[in-house]
Undergrad: 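Here it is, the structure, as structure tokens.
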Protein chains: 2
Amino acid sequence: MLRGDITVAIRNAVMTELAEVGYGRLSIEAVARRAGVGKTAIYRRWSNKLEMVMEIISDVAERKVPLPDTGSFSGDLALLLMIVSTALRHRMASQIIPDLMAEAARNPQISETLQRALRTHQQAVGEKLIGQAVARGELPDGTDPDVAVDMILGPLYWRLAVARQPIEDDYLEKFTIAVTAALKATG
Amino acid sequence: MLRGDITVAIRNAVMTELAEVGYGRLSIEAVARRAGVGKTAIYRRWSNKLEMVMEIISDVAERKVPLPDTGSFSGDLALLLMIVSTALRHRMASQIIPDLMAEAARNPQISETLQRALRTHQQAVGEKLIGQAVARGELPDGTDPDVAVDMILGPLYWRLAVARQPIEDDYLEKFTIAVTAALKATG
DNA sequence: CTACGACGTAACGGTTGCGTTCCGCCGTTT
DNA sequence: AAACGGCGGAACGCAACCGTTACGTCGTAG
């Protein structure tokens with residue numbers, strides 16, 4: 001039986017290496033070195049780098065994000081923005097996600113894995129968020145959840161993961177107001 | 001004197017390699033191979049990979065984007081969205097930019113170069129766009145150009161370069177309306 | 001107490017790329 | 001005609017990593 005503590009050490013090492021050097025430069029030897037294990041322990045579990053990273057990433061990505069339900073759209077939105085912006089400020093997310101996204105542009109298997117992880121997931125959040133708001137009459141009937149997700153996640157991702165500018169205290173507040181107005185206007 | 005046609009061949013090869021394998025896996029030997037050139041021709045021009053890529057990227061990025069000035073904010077915005085979305089649909093942009101962005105998270109020199117290229121530039125566009133609109137009374141006085149740029153570029157970048165979903169015919173139209181409403185609301 | 005199996009270490013041959021050097025070719029300059 | 005210099009090609013020694021194998025250790029299950 002494979003030892004669980006070794007598996008955990010490897011998983012952690014992979015995440016750290018991913019954040020530090022990215023998928024392209026990640027090497028099995030470096031992972032083994034960092035995890036303090038032999039290469040053999042890794043090859044006993046996965047047959048190559050791609051398989052290893054995909055399995056580990058899928059696992060991490062499948063952890064459920066709590067669907068916001070505060071009773072009002074502006075409350076839901078504010079909460080969602082808080083959750084996402086906090087997540088994106090962590091090294092794990094802000095380094096690994098853009099890196100894998102760039103990699104996904106070249107590797108169909110990575111692309112597919114991330115699509116499942118991100119789209120399925122965050123799309124579900126968007127649909128619930130918008131659905132609730134429409135049901136409550138806070139947003140017009142025809143509001144497109146797809147556009148809404150772009151309007152909500154896009155700017156945050158851009159600012160935190162791409163432009164890498166800090167967000168000031170009142171940014172999320174301003175942003176909540178702006179997004180609400182934007183979505184009301186598209187109906 | 002270094003031969004100009006050789007330099008051009010190398011520059012093109014670098015861009016193509018960047019799009020195909022990314023910065024991390026880009027090798028001088030592959031560039032030379034693709035350009036049909038000896039490695040010596042490359043080392044005669046740049047002393048290493050980073051210097052080479054940075055010089056070439058800076059050069060490309062510094063090409064001016066025409067500042068929109070159609071006479072109305074919605075016209076300016078629609079034009080800007082058109083320009084950016086067209087650019088982001090090209091392989092050159094949609095592969096290279098996310099890749100270098102991810103790389104910039106690790107390499108300060110790349111980060112700095114891209115900051116100059118992107119921020120200075122697109123921030124200037126944003127400030128002009130918003131400034132004109134405010135001057136015309138189309139947007140409220142306190143409109144933050146910084147937030148505006150996030151609201152405009154973020155969703156487009158997210159959808160085209162990250163989520164890699166297509167944009168439908170009426171998407172930009174809907175989006176223009178949404179952004180206008182959003183910015184009016186933040187004043 | 002024995003057998004099993006996962007472990008770390010070390011080494012294997014092979015590949016790729018680094019940055020450098022030397023060579024002979026060839027067009028341009030003088 | 002001769003000198004110069006950029007060129008491609010080939011090879012250098014070095015380093016990293018690939019995926020695999022052999023070996024000896026050690027904890028645990030039987």
Side-chain angles (χ1 to χ4, degrees), chain A residues 1-57 59 95-96 99-100 102-103 106-110 113, chain B residues 1-57 59 95-96 99-100 102-103 106-110 113:
Chain A
M1 204 50 208
L2 297 173
R3 268 171 56 185
D5 57 333
I6 303 273
T7 304
V8 169
I10 297 173
R11 297 180 106 88
N12 291 338
V14 167
M15 293 304 283
T16 309
E17 280 293 307
L18 268 185
E20 233 167 64
V21 305
Y23 178 83
R25 289 204 199 76
L26 180 140
S27 77
I28 301 277
E29 311 225 351
V31 170
R33 237 177 285 133
R34 182 182 295 272
V37 305
K39 276 200 294 179
T40 43
I42 296 180
Y43 280 109
R44 220 170 275 127
R45 289 166 172 77
W46 303 280
S47 63
N48 56 52
K49 170 170 130 180
L50 178 60
E51 192 185 301
M52 173 182 72
V53 172
M54 287 302 92
E55 203 251 38
I56 292 175
I57 288 292
D59 201 68
Q95 303 252 41
I96 294 181
D99 180 82
L100 288 180
E103 203 62 36
R106 292 179 201 100
N107 188 319
Q109 194 169 342
I110 295 183
T113 301
Chain B
M1 205 52 209
L2 298 173
R3 270 170 56 185
D5 56 334
I6 303 273
T7 304
V8 169
I10 296 173
R11 297 179 105 87
N12 291 339
V14 167
M15 293 304 283
T16 309
E17 281 292 310
L18 268 186
E20 231 167 67
V21 305
Y23 178 84
R25 289 204 198 76
L26 180 140
S27 78
I28 302 277
E29 311 227 350
V31 170
R33 240 177 282 134
R34 182 183 294 273
V37 146
K39 275 200 296 179
T40 44
I42 296 179
Y43 280 109
R44 220 169 273 125
R45 289 168 172 77
W46 302 279
S47 62
N48 55 53
K49 170 168 129 181
L50 178 61
E51 191 185 302
M52 174 181 73
V53 172
M54 287 302 92
E55 203 251 37
I56 293 175
I57 288 293
D59 201 68
Q95 303 254 41
I96 295 181
D99 180 81
L100 289 180
E103 203 63 34
R106 292 178 202 103
N107 187 320
Q109 193 168 343
I110 294 182
T113 302

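Numbered from 1 within each chain, the chains take letters A, B, ... in sequence-line order.
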Undergrad: Please report the distance, rounded to the nearest Å, between CD1 in B/I6 and P in C/dC26.
TA: 15 Å
Undergrad: Do the side-chain N or O atoms of A/R44 get closer than 4.0 angstrom to the phosphate oxygens (OP1, OP2) of C/dC7?
TA: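 Yes, such a contact exists.
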Undergrad: Please tell me if the side chains of A/V53 and A/W46 come closer than 4.5 Å, counting only heavy atoms from C-beta onward.
TA: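 They are not in side-chain contact.
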Undergrad: Say you draw a straight line from CD1 of A/I57 to CG of A/L18; how long is it, rounded to the nearest 0.5 Å?
TA: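 Reported to 0.5 Å precision, the distance equals 5.5 Å.
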Undergrad: Compare every heavy atom of A/K49 with every heavy atom of A/Y23, then report the nearest pair and how far apart it is.
TA: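 Looking at all heavy atoms of both residues, the shortest contact is O-NZ, 2.9 Å.
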Undergrad: Before you tell me yes or no, could you show the steps for A/E17 and A/R33 under salt bridge (Lys or Arg N to Asp or Glu O under 4.0 Å), namely the whole-Å CA-CA distance, both residues' side-chain angles and the distance that decides it to 0.1 Å?
TA: CA-CA 11 Å; A/E17 280 293 307; A/R33 237 177 285 133; over 6 Å; no
Undergrad: To the nearest angstrom, how far is A/W46 atom CH2 from D/dG19 atom P?
TA: 14 Å
Undergrad: In whole angstrom, give the distance that lies between atom NZ of B/K49 and atom P of C/dT20.
TA: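 After rounding, the gap between these two atoms is 16 Å.
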Undergrad: Of the residues in residues 9-23 of chain A, which ones touch DNA chain D at a heavy-atom distance under 4.0 Å?
TA: none
Undergrad: Could you measure the distance from the CD1 atom of A/I10 to the CD1 atom of A/I56? Nearest 0.5 Å is fine.
TA: 7.5 Å
Undergrad: Round to the nearest Å and state the distance from A/I28 atom CD1 to D/dC17 atom P.
TA: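 That distance rounds to 11 Å.
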Undergrad: Listed in order of residue number, which residues of residues 32-43 of chain B have a non-hydrogen atom at under 4.0 Å from DNA chain C?
TA: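 Residues of residues 32-43 of chain B that come under 4.0 Å of DNA chain C are, in numerical order, B/R33, B/K39, B/T40, B/Y43.
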Undergrad: Which distance, rounded to the nearest 0.5 Å, do you find between the CG of B/L26 and the CE of B/M52?
TA: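 Reported to 0.5 Å precision, the distance equals 5.0 Å.
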Undergrad: How close or far is atom P of D/dG5 from atom CZ of B/R45, stated in whole angstroms?
TA: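 The distance from CZ of B/R45 to P of D/dG5 comes to 16 Å, rounded to the nearest Å.
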Undergrad: Cut-off 3.5 Å, side chains only: do A/R34 and A/T16 have a donor facing an acceptor?
TA: no
Undergrad: Mind calculating the distance between CG (A/N48) and P (D/dC17) to the nearest angstrom?
TA: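 Value for this atom pair: 17 Å.
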Undergrad: Between A/S47 and B/G4, who's closer to the 5' end of DNA chain D by nearest nucleotide?
TA: B/G4
Undergrad: Starting at CD of B/E20, measure out to CD1 of B/I96 and round the result to the nearest 0.5 Å.
TA: 10.5 Å
Undergrad: To the nearest Å, how far apart are A/L26 CG and D/dA16 P?
TA: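 My rounded result for the distance is 16 Å.
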Undergrad: Is B/R25 touching bases, backbone alone, or none of the nucleic acid, heavy atoms closer than 4.0 Å?
TA: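 If one applies the 4.0 Å heavy-atom cut-off, B/R25 turns out to touch nothing in the nucleic acid.
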Undergrad: Name the closest nucleotide to the B/E29 side chain, picking from C/dC7, C/dG17, D/dC7.
TA: C/dG17
Undergrad: Could you please spell out the steps behind the salt bridge (Lys or Arg N to Asp or Glu O under 4.0 Å) verdict for A/R45 and A/E51?
TA: CA-CA 10 Å; A/R45 289 166 172 77; A/E51 192 185 301; over 6 Å; no
